[in-house]
Undergrad: 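Once you've had a glance at the structure underneath, I'll fire off some questions.
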Amino acid sequence: MTYDPRQPAYRLHTLVAALDAAADEMLRAAHGTSYARFLTLVTVQALGTPTQAELAAAHEVSAPAASRMVRTLSEAGLLTAARTPGTGNRSALTLTPAGERLVADGGALLEDAFGRLLEAGGVTVDQVRAVTDPLLQVLRPETA
């Protein structure tokens, strides 16, 4: 039996991959950063002042991958990792002002581009939410 690439699961994965690639290209061109790094900053912002372990869990990456990303973003001046007294080896992660600006400006860039894409495709934001919100509620109820 062959798999039909017109099936909804395949089409959805293809769409997500295309959106991720477009976001990466836009962020690299406008802000010199990758979409993966941008998402890490967004996750830190959403969590407040997470530990590296909390970031790894929320971002669904390994602890070593989170450590590498935190080091890279810290070296770029976008994130700080400050040891919290009494917590052992744990550090609280916070965005720097430059990191906050990148999240705000990059987010505006991506939302504008996505809005233009929806308009070109004749799709409304409400239609996107009608499909994505129930699926996210099932897959990740804590974030929906």
Undergrad: Tell me the closest heavy-atom pair linking Leu47 and Ala58, and the distance in Å.
TA: CD1-CB, 3.7 Å
Undergrad: Taking only residues two or more places apart in sequence, or in another chain, which ones meet Ser74 in a side chain to side chain donor-acceptor pair (under 3.5 Å)?
TA: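 None.
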Undergrad: For His31 and Arg101: C-alpha separation, side-chain torsions, deciding distance, then whether side-chain contact (heavy atoms from CB on, under 4.5 Å) applies.
TA: CA-CA 10 Å; His31 298 286; Arg101 275 191 308 279; over 6 Å; no
Undergrad: How far does CD of Glu60 sit from OG1 of Thr43, to the nearest 0.5 angstrom?
TA: 9.5 Å
Undergrad: I need the Gln52 CD to Ser67 OG distance, nearest 0.5 Å.
TA: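 It is 4.5 Å, given to the nearest 0.5 Å.
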Undergrad: List the atom of Ala36, the atom of His59, and the distance in Å for their closest heavy-atom pair.
TA: O-NE2, 4.0 Å
Undergrad: Please check if atom CD in Glu119 has more than 12 non-hydrogen atoms from other residues, nucleotides or ligands closer than 6.0 Å.
TA: no
Undergrad: Enumerate the salt bridge (charged side-chain N to carboxylate O under 4.0 Å, His left out) contacts for residues 9-24, please, sequence neighbours excluded, ordered by first and then second residue.
TA: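 Sorted pair list: Asp24-Arg28.
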Undergrad: Verify the cluster assignment for Leu15 and Val128: are they in a single hydrophobic cluster under the rule of side-chain heavy atoms below 4.5 Å apart?
TA: yes
Undergrad: What do the steps show when you test Leu19 against Leu117 for side-chain contact (heavy atoms from CB on, under 4.5 Å), and what is the final call?
TA: CA-CA 10 Å; Leu19 289 170; Leu117 174 66; 3.6 Å; yes
Undergrad: My understanding is that only residues two or more places apart in sequence, or in another chain, count here; which of them pass side chain to side chain donor-acceptor pair (under 3.5 Å) with Thr94?
TA: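 Residues passing side chain to side chain donor-acceptor pair (under 3.5 Å) with Thr94: Thr80.
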Undergrad: List the residues meeting side chain to side chain donor-acceptor pair (under 3.5 Å) with Glu25, not counting sequence neighbours, and say none if there are none.
TA: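 Checked Glu25 against side chain to side chain donor-acceptor pair (under 3.5 Å); zero matches.
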Undergrad: Mark yes or no for whether Gln7, through its side chain, and Asp4, through its backbone, hold a donor-acceptor pair below 3.5 Å.
TA: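 Checked: no pair found.
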Undergrad: Val138 and Leu12: same hydrophobic cluster, using ILVMFWY side-chain contacts below 4.5 Å?
TA: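 Result: no, two separate clusters.
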Undergrad: Cluster partners of Val44, using ILVMFWY side-chain heavy atoms under 4.5 angstrom, listed by chain and number?
TA: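 The other cluster members (ILVMFWY side chains, heavy atoms under 4.5 Å, direct or chained) are Met26, Leu27, Tyr35, Phe38, Leu39, Leu41, Val42, Leu55, Met69, Val70, Leu73, Leu78, Leu79, Leu93, Leu95, Leu102, Val103, Leu109, Leu110.
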Undergrad: For Asp105, which residues count as a side chain to side chain donor-acceptor pair (under 3.5 Å) partner, sequence neighbours excluded?
TA: none
Undergrad: Which heavy-atom pair separates Ala9 from Tyr3 by the least distance, and what is that distance?
TA: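 Reported closest heavy-atom pair: CB-OH, 4.0 Å.
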Undergrad: Is Glu111 paired with Arg116 through a side-chain N to carboxylate O contact shorter than 4.0 Å?
TA: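 Salt bridge between Arg116 and Glu111, a charged N being under 4.0 Å from a carboxylate O: no.
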Undergrad: Grab the two heavy atoms, one from Gly77 and one from Ala98, that are nearest each other, plus how far apart they are.
TA: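 Looking at all heavy atoms of both residues, the shortest contact is O-CB, 3.8 Å.
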